[in-house]
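Every chain is numbered from 1, with letters handed out A, B, ... down the list of sequences. Computed from a predicted model, the values in this text were never measured in an experiment.
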There are 2 protein chains.
Amino acid sequence: MSFTRSEENYLKAIYHLADHGVSKVSTNAIATRMRTKASSVTDMIKKLSDKNLVIYQKYQGVNLTEVGQEVAVKIIRKHRLWEVFLVEKLNFGWDEVHDIAEQLEHIESEKLVDRLDEFLEFPSHDPHGDPIPDKQGEFKPSQKVVLSDVEPGSICFCVGVIDSSSKFLRYLDKNGINLGTQLKVVSKEDFDKSMKIKTKGNTMVISYKISNNLFVIVN
Amino acid sequence: MSFTRSEENYLKAIYHLADHGVSKVSTNAIATRMRTKASSVTDMIKKLSDKNLVIYQKYQGVNLTEVGQEVAVKIIRKHRLWEVFLVEKLNFGWDEVHDIAEQLEHIESEKLVDRLDEFLEFPSHDPHGDPIPDKQGEFKPSQKVVLSDVEPGSICFCVGVIDSSSKFLRYLDKNGINLGTQLKVVSKEDFDKSMKIKTKGNTMVISYKISNNLFVIVN
DNA sequence: AATAATATTTAGGCATACCTAAAAATATTT
DNA sequence: AAATATTTTTAGGTATGCCTAAATATTATT
């Protein structure tokens, strides 16, 4: 079985929105995520439903079927493996790889994916700290944690943000924090949860509002 | 400027059929190569002509414009670089890579192509011995020669066939000649142009009909 | 040069994947 | 519970890229 690029993108979007398949995903939520119109989503949902990739009841939203989930996981596997390739082998910055991986994830060849996996030495996580499903579709938990949860003494590196407003990004930039930046958590202040951190050349204090908006991976 | 996958495939097909832009390419020739119908070709040709990628006169065939040629060469560059990647880095057989490269060649990212080129150490030829255009679109001549033209004493390896009939392929297989196989030309017989060649474990005599149908690269 | 054969184009359709606008269902207010 | 607002679906339309069948142009044959 093989699917169109569009079908794959919808399955992936639904997978991400469904968050462990618990709640039903609304038409509007899909439309927003895919930057398309609700009516287009309804069209596609019907097609996916006919192909038994989603369970759909009019006006009640959708959920992926087992098969739909498998397809989605395969695409995510490909996406994340290609991201590792781009960062590790081609020296891309972590923030440059998403759009390219978005294209590469649709290349069809099971052999290619498995060979790539092997070539990259079976990475368990992508450059954003998100887990990479193995050939069987199993994945380890995410390694990403919020900086505010990191214990003093730990060394970690920055892999993403929650609030991606340009205000926040500018703040980070000004303070020499980029994605990939190594940080050492020096101490935490109980009173206001502010945190003293050390980067390569700098030691600084950041508020909880900051530390709670930064994703890191602890080494 | 960016083009659809289909447009890119047509440009590539026309490029290959035009053979140095000399002769005009017929609608039927394109249709055959692309396994589609002449009427579909006419449709697309009109679109390409509107975009100034081909020069087209009704019933008179097409030729690529400068721009069309540049686009085609970029796709060929991508195709061949990915083929090198698949063979050199992911250990694919030379004969397995075409379909995958056919997909990868449409990935859009100039930076990706250039990084890949660098990663592969700027290869000048792909696994079939065909030249890889550089960033400027220039390419070296092909390294591929017909086995019958190789001088005695030379060592070469097999990179392709002219006649790809299953009869011929089965003959090669039976005699332990695969793509990638190393050959040493021991001697040539003037009379019937037959050739004595040496493979890893074997020495054999092959007729001109065979040697003239095998592409090799001389080491 | 006229006729036959072949190549190419036109005309009209189909599926995909979008869209807008209107209708219908569901959710929220009052 | 009725009115209003929001969400979702339906209906009908568009562009792409393909198709078949028919018409037309070109090329080959006699």
Paired with C:dT30 by Watson-Crick or G-U wobble geometry, both distances under 3.5 Å: which nucleotide is it? D:dA1

Return no unless some side-chain N or O of B:Asn28 is found under 4.0 Å from OP1 or OP2 of C:dT6. no

Tell me whether A:Lys51 forms a cation-pi arrangement with A:Phe3, defined as NZ or CZ under 6.0 Å from the six-membered ring centre and within 45 degrees of its axis. no

Given atom OH of B:Tyr59 and atom P of C:dT6, what is their separation to the nearest angstrom? 17 Å

OP1 or OP2 of D:dT9 under 4.0 Å from side-chain N/O of A:Tyr56: yes

Within the 3.5 Å criterion, strictly below it, is a donor on B:Asn9 or B:His106 matched to an acceptor on the partner's side chain? yes

Side-chain N,O (A:Thr36) to OP1/OP2 (C:dC19) below 4.0 Å: yes

Please determine whether any donor N or O and acceptor N or O are separated by less than 3.5 Å between the side chain of A:Ser39 and the base of C:dT20. yes

Phosphate-side-chain proximity, A:Thr27 and D:dT9, N/O vs OP1/OP2 below 4.0 Å: yes

Using atom CZ of A:Arg35 as one end and atom P of C:dC18 as the other, report the distance to the nearest whole Å. 14 Å

Using OP1 and OP2 only, check whether a side-chain N or O of A:Gln60 sits under 4.0 Å from C:dT26. yes

Partner of B:Val145 under side-chain contact (heavy atoms from CB on, under 4.5 Å), picked from B:Val218, B:Ile217, B:Leu214, B:Val159, is B:Val218

Nucleotide D:dT20, atom P - distance to NZ of B:Lys37 in whole Å: 4 Å

Rounded to whole angstroms, how far apart are NZ on B:Lys24 and P on D:dT26? 12 Å

At 4.0 Å (heavy atoms only), tell me whether A:Glu7 reaches a base, stays on the sugar-phosphate, or touches nothing. nothing

Measure from the side-chain heavy atoms of B:Ser40 and tell me the nearest of D:dT26, C:dC19, D:dC19. D:dC19

What's the CG-C1' distance between A:Asn9 and C:dT16, to the nearest Å? 14 Å

Taking only Lys NZ, Arg NE, NH1 and NH2, and the carboxylate oxygens of Asp or Glu, determine whether B:Arg77 and B:Asp117 approach each other closer than 4.0 Å. yes

A:Met44 CE - D:dT9 C1' separation (whole Å): 16 Å

Please check if the number of heavy atoms outside A:Lys74 that lie under 6.0 Å from its NZ is greater than 12. no

Whole angstrom is fine here: how far is it from CD1 in B:Ile45 over to C1' in C:dT9? 10 Å

Phosphate-side-chain proximity, A:Lys46 and D:dT10, N/O vs OP1/OP2 below 4.0 Å: yes

Whole-Å distance separating the CD atom of B:Gln57 from the C1' atom of D:dT26: 14 Å

Between D:dT8 and A:Lys58, is there an OP1 or OP2 to side-chain N/O distance shorter than 4.0 Å? no

Determine: side-chain N/O of B:Tyr10 to OP1/OP2 of D:dC18, distance under 4.0 Å, yes or no. yes

